[in-house]
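Notes for the one structure printed next.
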Amino acid sequence: MITPYARIAGLTATALTLAALAVLYARADVGPMAAGHTAAALVVAEAARYAYRTAAQERAAAIAAERRARAHLSTDRILADRISLGWADLEDTCCLEHWASRGTAHEPSCMHWKEPTP
């Protein structure tokens, strides 16, 4: 299945190609072909714009549905998620002081600790 943004990219590339051909036909003094390719480029560009707006609306609807689904989570579940993220942050740090100071200090036993300068 083709993604909406791949479809938009394909339509945009087609519109640009048609516009380039219209310029080439206009330089070669083939007016009807230039006019036809110009009209086709405009139609395809409008289709790309429509596809972009549709994809943006679908994305906004999906985000709104996700937010509605998360709103029904209990506060206990949200709190448990925050606690687990906090523990994960604590496990990723080198020492407790580094975690408590939000990365500005280290404990003397930590391998990253530097002797303070007077």
Side-chain angles (χ1 to χ4, degrees):
M1 182 175 150
I2 188 168
T3 64
Y5 294 106
R7 181 178 300 118
I8 293 165
L11 288 170
T12 303
T14 303
L16 290 173
T17 302
L18 288 169
L21 285 173
V23 169
L24 290 175
Y25 283 129
R27 286 187 175 189
D29 265 347
V30 186
M33 290 294 283
H37 278 79
T38 301
L42 290 174
V43 168
V44 174
E46 180 60 30
R49 194 168 71 108
Y50 175 77
Y52 180 78
R53 279 186 279 142
T54 304
Q57 289 172 352
E58 288 174 356
R59 178 168 162 70
I63 289 172
E66 178 71 22
R67 286 185 179 155
R68 282 192 305 272
R70 288 183 183 212
H72 296 294
L73 290 177
S74 68
T75 55
D76 294 338
R77 176 70 182 159
I78 293 171
L79 184 60
D81 287 344
R82 287 185 183 166
I83 290 171
S84 67
L85 288 174
W87 278 109
D89 288 342
L90 179 58
E91 290 173 358
D92 289 339
T93 60
C94 56
C95 63
L96 184 59
E97 182 66 27
H98 185 259
W99 179 78
S101 66
R102 298 181 189 237
T104 59
H106 293 280
E107 292 177 351
S109 62
C110 179
M111 65 181 169
H112 299 290
W113 185 73
K114 293 182 181 173
E115 189 73 34
T117 56

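Side chains are part of it too, since the values below use all heavy atoms of this structure and drop only hydrogens, waters and symmetry mates.
Taking each heavy atom of Ala22 and Thr38 in turn, the nearest pair found is CB-OG1, 3.3 Å. Nearest approach of Ala26 to Ala34, heavy atoms of both residues: N-CB, 3.7 Å. The two residues Pro4 and Ala55 have their closest heavy-atom pair at CB-CB, 3.7 Å.
Taking OH from Tyr52 and CG from Leu11, the interatomic distance works out to 14.5 Å, rounded to the nearest 0.5 Å. Tyr25 contributes atom OH, which lies 10.0 Å from atom CG of Leu18 (distance to the nearest 0.5 angstrom). Distance CG/Leu21 to CE/Met33: 8.5 Å, rounded to 0.5 Å. Between Tyr5 atom OH and Arg59 atom CZ the span is 6.0 Å, to the nearest 0.5 Å. Rounding to the nearest 0.5 Å gives a distance of 9.5 Å between CG of Leu24 and NE2 of His37.
Around CZ of Arg53, the count of heavy atoms belonging to other residues, nucleotides or ligands within 6.0 Å exceeds 12.
Two residues are said to be in side-chain contact when any heavy atoms from C-beta on lie closer than 4.5 Å; Thr54 and Glu58 meet this criterion.
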